[in-house]
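First the structure, in the form of structure tokens, and then the observations on it.
Each residue takes its place number in the sequence, starting with 1.
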Amino acid sequence: MPADSHQLAIFDLDDTLLDGDCTGLWIAWLVRRRWVEDGEAFMNQVACHEQQYHAGTLDMQAHLRFVLAPLIGRRRETVRDEVVAFVETWIRPRLMPGALERLAWHRDQGHATLIISASMYHLVEPIAREVGADDALATPPAFDAEDCFTGEPTGIVTYQSGKLTALEAWLAECEAAHARPGILWGYSDSHNDLPLLEHVDHAHVTQPDARLARIAELRGWPRFDWRAPSAAMTKGANAASSW
């Protein structure tokens with residue numbers, strides 16, 4: 001993070017910057033690349049997990065092991081090369097222009113930018129680099145002594161309150177380097193990110209789910225609809241842009 005940056009803009013990834021879910025898209029990519037033996041059954045399970053995510057009932061540890069299963073025994077470098085092709089081919093066209101403009105607006109203000117996602121780090125970090133974010137937080141995969149994927153997640157699971165736990169650890173590192181930002185901005189589409197949105201100074205919702213939309217309305221949080229052709233901004237977002 002830039003040492004002179006006193007404000008930090010925190011973006012969720014899936015359905016916030018990206019029109020879609022990068023994990024679901026990645027699994028579809030792996031099915032097409034024949035890294036998954038029974039692609040139809042695998043995609044059906046992904047759809048089930050997505051429903052549980054939106055309901056707030058997903059067992060994230062089980063989900064992460066499931067989506068890591070096709071990578072077991074594959075070398076880190078091999079997967080990295082595959083992710084690069086995936087981001088270039090399937091992710092870049094789905095990044096929402098309005099979201100990228102907002103991220104660029106923060107950079108123009110001299111704010112640091114951070115992506116925190118419930119998707120895994122080997123997917124999130126390359127996408128963060130693609131959009132020009134300063135850093136990324138996501139659950140890391142574990143590797144064995146031969147630098148191959150074990151199929152296990154490790155570290156902080158960046159889901160629901162885990163996002164806030166990971167952010168606090170990241171901010172503590174910034175503070176140790178005398179670079180902790182004093183003002184935090186937050187952007188998300190999901191009620192699963194309420195712990196994070198309630199923590200920041202300036203919360204914003206982005207094409208929110210129904211539960212988050214109701215909460216945002218009650219609290220007067222600005223709302224962005226970046227899927228709309230005009231990338232509409234409502235409920236005080238214009239006023240927030242003056243900070």
Next item on the list: Show the numbers, then the answer: is there a ring-ring contact (aromatic ring centres under 6.0 Å, His included) between His202 and Tyr187?
Entry: CA-CA 9 Å; His202 303 297; Tyr187 299 84; 9.9 Å; no
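Here side-chain hydrogen bond (donor to acceptor under 3.5 Å, both in side chains) pairs that include residues 34-48, with residues two or more places apart or in two chains, are Gln45-His49. Pairs of residues two or more places apart, or lying in two chains, that qualify as salt bridge (Lys or Arg N to Asp or Glu O under 4.0 Å) and include a residue from residues 14-33 are Asp15-Arg227, Asp19-Arg227, Arg33-Glu82. Counting only residues at least two apart or on different chains, the salt bridge (Lys or Arg N to Asp or Glu O under 4.0 Å) pairs with a member in residues 160-175 are Asp12-Lys163, Lys163-Asp193, Glu168-Arg180, Glu175-Arg180. Sequence neighbours left out, the pairs with a member in residues 44-71 that pass salt bridge (Lys or Arg N to Asp or Glu O under 4.0 Å) are Arg65-Glu152. Residue pairs that meet the salt bridge (Lys or Arg N to Asp or Glu O under 4.0 Å) test with at least one member in residues 195-213, sequence neighbours left out, are Glu198-Arg219.
In this structure Ala128 satisfies the side chain to side chain contact (heavy atoms under 4.5 Å, CB included) test together with Ile115, Ala133, Ala136, sequence neighbours excluded. Scored by the side chain to side chain contact (heavy atoms under 4.5 Å, CB included) test, Val31 finds Ile27, Val36, Met43 as partners (sequence neighbours excluded). Partners of Val157 by side chain to side chain contact (heavy atoms under 4.5 Å, CB included), not counting sequence neighbours, listed by chain and number: Met60, Gln61, Leu64, Thr139, Tyr159. Among residues two or more places apart in sequence or in another chain, the salt bridge (charged side-chain N to carboxylate O under 4.0 Å, His left out) test is passed with Arg75 by none. Annotation: side chain to side chain donor-acceptor pair (under 3.5 Å) contacts of Asp108 (sequence neighbours excluded): none. In this structure, Arg107 has no salt bridge (charged side-chain N to carboxylate O under 4.0 Å, His left out) partners at least two apart in sequence or on a different chain.
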What pairs of donor and acceptor atoms, side-chain ones from residues 83-91 against any protein atom, are under 3.5 angstrom apart with sequence neighbours left out?
unit_1: Glu88; atom_1: OE1; unit_2: Arg92; atom_2: NH1; d: 3.3
unit_1: Glu88; atom_1: OE1; unit_2: Arg92; atom_2: NH2; d: 3.0
unit_1: Glu88; atom_1: OE2; unit_2: Arg92; atom_2: NH1; d: 3.2
unit_1: Thr89; atom_1: OG1; unit_2: Ala85; atom_2: O; d: 2.8

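Asp189 places none of its side-chain heavy atoms less than 4.5 Å from the side chain of Val205. Side-chain contact between His122 and Leu68: present, with at least one pair of heavy atoms (C-beta onward) separated by less than 4.5 Å.
In terms of modelled atom types and a separation under 3.5 Å, the side chain of Thr23 and the main chain of Ser119 share no donor-acceptor contact. Not one N or O on the side chain of Thr150 forms a donor-acceptor pair closer than 3.5 Å with the backbone of Asp144. Not one N or O on the side chain of Thr57 forms a donor-acceptor pair closer than 3.5 Å with the backbone of Tyr53.
Counted by atom type alone, Asn192 and Gln160 present one or more donor-acceptor pairs between their side chains at under 3.5 Å.
Of the candidates Leu164, Leu13, Ile10, Val124, Ile116 forms a side chain to side chain contact (heavy atoms under 4.5 Å, CB included) with just one, namely Ile10. No option in Trp105, Phe11, Trp221 other than Trp105 meets the ring-ring contact (aromatic ring centres under 6.0 Å, His included) test with Trp185.
Interatomic distance, OG of Ser188 versus CG of Leu212, reported as 6.5 Å (0.5 Å rounding).
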